[in-house]
Amino acid sequence: MGPHPAVAAIRLAVRRVLHDVLNHHCAQDRHGAPLVLVACSGGADSMALASALAFEAPKLGVRAGGVTIDHGLQEGSDLRAAEVALRLRALKLDPVDVVSVEVGRAGGPEAAARDARYAALDATADRHGASAVLLGHTRDDQAETVLLGLARGSGIRSLSGMAAAAGTNGRYRRPFLDVDRQTARTACLIQALPVWDDPHNTDPAYTRSRLRHEGLPALEKCLGKGVVEALARTAQLSRDDADALDAWAAEAEATVVDEDGTLDAAGLFGLPPAVRRRVLRRAVIAAGSPAGSLFARHIEEVDRLITAWRGQGAINLPGRVGVRRQGGRLVIRQG
């Protein structure tokens with residue numbers, strides 16, 4: 001008799017990713033068994049991921065370890081992180097690290113915690129020479145991300161949600177983007193894996209929490225079941241379109257940017273709007289504007305220097321980057 005369907009589903013998802021990591025490892029002609037780390041908070045999604053990694057990795061000759069991040073945002077968070085580490089070691093994962101971080105304030109609490117977390121994960125992966133770090137984001141998380149992007153009006157790239165592989169050389173892998181949250185929780189129940197439910201996930205002070213517990217249920221009540229699956233499909237279709245437009249913009253950029261970094265206004269005007277705005281975004285980021293602080297309204301203001309030129313003054317962007325039109329060209333400078 002085979003494993004429970006929920007357990008089989010999570011193992012299959014992880015097995016596929018490990019095969020891809022192995023192929024990439026061999027293509028780079030790297031020696032020895034690759035190390036794959038699981039980022040684990042102790043919640044159902046990441047514990048299910050850790051158990052599947054512990055089961056599948058030895059069969060494929062992959063070393064498996066784990067890391068848990070203590071954000072220090074709740075009383076006793078250090079004790080919980082130590083407990084998660086014990087659970088990971090009980091699964092025979094090695095190495096297992098507990099990393100404490102200081103969460104700043106830039107971009108709000110959720111963004112600041114995310115930035116601190118990924119910086120710590122990068123440092124841990126570098127220290128151990130890990131080939132990949134597995135993240136437990138599920139199809140439900142993807143649906144929430146798409147809705148958040150839609151609410152911000154940030155364009156098709158936001159609607160593309162989270163990538164299955166992201167970071168430098170595809171370091172971050174998300175095996176569960178086609179697995180729903182309930183399947184991961186059921187897999188933990190079947191395997192008697194203890195899980196910790198973060199109170200932040202039900203705290204209405206957080207936007208994603210409100211969306212999870214109020215917004216999505218309201219949509220399902222209005223539109224019927226299948227909303228999560230439809231949003232996840234939207235993410236993949238949007239990602240394919242966004243990737244194609246980004247590639248087009250990269251090619252177009254070479255035709256309108258001079259060696260001194262200025263851009264030809266006439267050449268930009270002749271590009272399709274979706275491509276032109278991508279070229280402008282790439283240019284202002286290259287000049288020093290932080291990508292995470294740039295919104296659609298910023299790029300629209302810069303775009304008006306091309307499409308609605310009336311002699312207006314310079315546009316000031318995050319990162320102390322200024323954009324002005326001068327002699328038929330866009331000049332983008334920091335400071």
Side-chain angles (χ1 to χ4, degrees), residues 24 27-28 104 106-108 111 114-115 118-119 122 126 145 148-150 152-172 235-335:
H24 185 66
Q28 291 182 314
R114 182 177 60 249
D115 290 344
Y118 277 102
D122 276 332
D126 288 340
T145 301
L148 288 170
L150 182 63
R152 294 187 186 109
S154 301
I156 195 171
R157 179 55 72 185
S158 285
L159 296 185
S160 65
M162 297 175 286
T168 305
N169 295 320
R171 163 179 282 174
Y172 293 105
Q236 185 55 58
L237 293 171
S238 298
R239 181 165 297 279
D240 292 342
D241 290 349
D243 287 345
L245 287 168
D246 285 348
W248 187 353
E251 294 177 359
E253 185 177 34
T255 68
V256 297
V257 179
D258 279 348
E259 293 181 0
D260 63 359
T262 63
L263 287 78
D264 176 49
L268 285 166
F269 186 82
L271 294 173
V275 177
R276 181 175 62 246
R277 289 176 186 140
R278 280 169 166 75
V279 172
L280 294 173
R281 180 178 173 83
R282 288 167 60 93
V284 297
I285 289 174
S289 194
S293 300
L294 274 178
F295 300 109
R297 59 184 174 82
H298 293 128
I299 303 305
E300 288 168 2
E301 286 293 321
V302 176
D303 195 42
R304 277 194 275 273
L305 295 177
I306 303 299
T307 61
W309 174 240
R310 298 290 186 273
Q312 57 265 47
I315 305 298
N316 295 315
L317 299 174
R320 297 173 53 248
V321 170
V323 185
R324 71 181 189 277
R325 180 160 172 164
Q326 180 179 320
R329 308 199 67 80
L330 280 192
V331 180
I332 306 174
R333 295 286 185 269
Q334 190 173 47

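- In this view, Asp126 and Arg171 satisfy the side chain to side chain contact (heavy atoms under 4.5 Å, CB included) rule, not counting sequence neighbours.
- Rounding to the nearest 0.5 angstrom, the gap separating the CG atom in Asp241 from the CG atom in Asp246 is 11.0 Å.
- Nearest heavy-atom pair, Gly267 versus Val256, reported as atom, atom and distance to 0.1 Å: C-CG1, 3.8 Å.
- Every residue meeting the side-chain hydrogen bond (donor to acceptor under 3.5 Å, both in side chains) condition with Asp240, not counting sequence neighbours, appears here in chain and number order: Gln236.
- In this structure a side-chain-to-backbone donor-acceptor pair under 3.5 Å is missing from Arg277 to Glu300.
- Pairs of residues two or more places apart, or lying in two chains, that qualify as side-chain hydrogen bond (donor to acceptor under 3.5 Å, both in side chains) and include a residue from residues 319-328 are Arg324-Gln326.
- The nearest pair of heavy atoms linking Ala235 to Gly161 is CB-N, 4.4 Å.
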- Is there a side-chain contact (heavy atoms from CB on, under 4.5 Å) between Asp122 and Tyr172 once you walk through the steps? CA-CA 9 Å; Asp122 276 332; Tyr172 293 105; 2.8 Å; yes
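- A distance of 15.5 Å separates CG of Asp303 from CZ of Arg297, quoted to the nearest 0.5 Å.
- Gly322 and Asn316 get closest at one heavy-atom pair: CA-OD1, 4.5 Å.
- Taking every heavy atom of both residues into account, Ala242 and Ile156 meet most closely at CB-CG2, 4.0 Å.
- No side-chain heavy atom of Val302 sits less than 4.5 Å from a side-chain heavy atom of Ile332.
- Separating the CD atom in Glu253 from the CZ atom in Arg282 is a distance of 4.5 Å, to the nearest 0.5 Å.
- Between Leu159 and Gly149, the shortest heavy-atom distance links the atoms CD2-C, 4.2 Å.
- Of the possible polar contacts, none joining the Ser160 side chain to the Ser238 backbone as a donor-acceptor pair under 3.5 Å is found.
- Checked by atom type and distance alone, the side chain of Asp258 never pairs as donor or acceptor with a backbone atom of Asp260 at under 3.5 Å.
- A distance-only check finds a donor-acceptor pair linking the side chain of Thr255 to the backbone of Ala252 [under 3.5 Å].
- Two residues are said to be in side-chain contact when any heavy atoms from C-beta on lie closer than 4.5 Å; Ile299 and Val284 meet this criterion.
- Atom CD1 of residue Ile315 and atom CG of residue Leu305 lie 5.0 Å apart, to the nearest 0.5 angstrom.
- Scanning all heavy atoms of the two residues, the minimum distance from Leu271 to Val279 falls at CD1-CG2, 4.3 Å.
- Separation of atoms CG (Leu317) and CG (Leu280) is listed at 10.0 Å; rounding is to 0.5 Å.
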- Item | Residues Asp243, Arg157; criterion salt bridge (charged side-chain N to carboxylate O under 4.0 Å, His left out); working and verdict | CA-CA 8 Å; Asp243 287 345; Arg157 179 55 72 185; 3.0 Å; yes
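- The line from CD of Glu251 to CH2 of Trp248 is 9.5 Å long, rounded to the nearest 0.5 Å.
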